[in-house]
Amino acid sequence: MKSEVKNQKSEVGSQKSEVRICPLSSVLCPLFSVLSRVFIFCSCLFVLGGCVSNDEPMPEIVQSPGSESRFIPPRIIKPKQDWGSAYKNIPGNWLPPSQLEKKWVAVVVHHSATETGNAAIFDKMHREQNHWAGIGYDFVIGNGTDSGDGQIEVTFRWREQIPGAHCGGTANNWANRDGIGICLVGDFSRTGPTAQQMQSLLRLIRFLQKRYGISKWRIYGHKATPGARVTDCPGRRFPMARLKSML
Ligand SMILES: [Zn+2]
């Protein structure tokens, strides 16, 4: 671009010198001479101005590594097939049917407060004792007693994308309606979760955070969920601070 401008300048310069020596304008018509100079001056400005406005490279938008979250547009849930490469190692049953999928806003972590159990056992318990439609959680993570250690079971609440029954008392029932309930089998008022359970929980939460744009500040233990009824869940031995530090 610089060489183009130089050429343009030199062309203009030569036009200037031609004007200066033109006998017709300098001798016979001084007014024409003045007008010519004004015209040449304006043309010069126009050419240079045009160069700047047309050829100036657009400023590059450089984002610092931490700035993405501030500028990212609201997440739109895409059809399942678009996520194939991003989630190739994710079990298929973690992905809800695309026509039913909801925009979830939080995760609520529970313990079962029992030493053993699995999704089927809690489902029966919640039907018979609580008279609910079925198990209240979306996911159950086993401890090696009635399901595998770290095994993640998906319940009908998640498959059908319907409200859960795991965290009562919140305003407009938001935690059951818009929060994802994950239950780890175990009584964490007595012992902590297994390493496999924590590993599976991390993997599941990271997937849910990525898919629904949930910040780590909206990953709650049951007792810390805003508006939730008083409870000890998920137990004082559940390492909530450590979990948060890994998200
Ligand atoms: Zn709970």
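Atoms within a ligand are numbered from 1 in the order they appear, just like the ligands themselves.
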Q. Who passes side chain to side chain donor-acceptor pair (under 3.5 Å) against Lys244, sequence neighbours left out?
A.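 If we apply the side chain to side chain donor-acceptor pair (under 3.5 Å) test to Lys244, skipping adjacent residues, there are no hits.
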
Q.
Which residues pass the side chain to side chain contact (heavy atoms under 4.5 Å, CB included) test with Gln151, not counting sequence neighbours?
A.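 So Gln151 forms a side chain to side chain contact (heavy atoms under 4.5 Å, CB included) with Ser147, Glu153.
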
Q. Is the backbone N or O of Ala175 less than 3.5 Å from a side-chain atom of Thr170, with the two atoms forming a donor-acceptor pair by type?
A. yes

Q | Metal environment of the Zn ion (ligand 1), protein N/O/S under 2.8 Å | A | His110 ND1, His222 ND1, Cys233 SG

Q.
Going by the rule side chain to side chain donor-acceptor pair (under 3.5 Å), which residues pair with Asp178 if we only count those two or more places apart in sequence or in a different chain?
A. none

**Q.** Carboxylate-amine/guanidinium proximity below 4.0 Å for Asp232 and Arg236
**A.**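 No.
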
Q.
If you count heavy atoms of other groups shown closer than 6.0 angstrom to CD of Gln161, is the number above 12?
A. yes

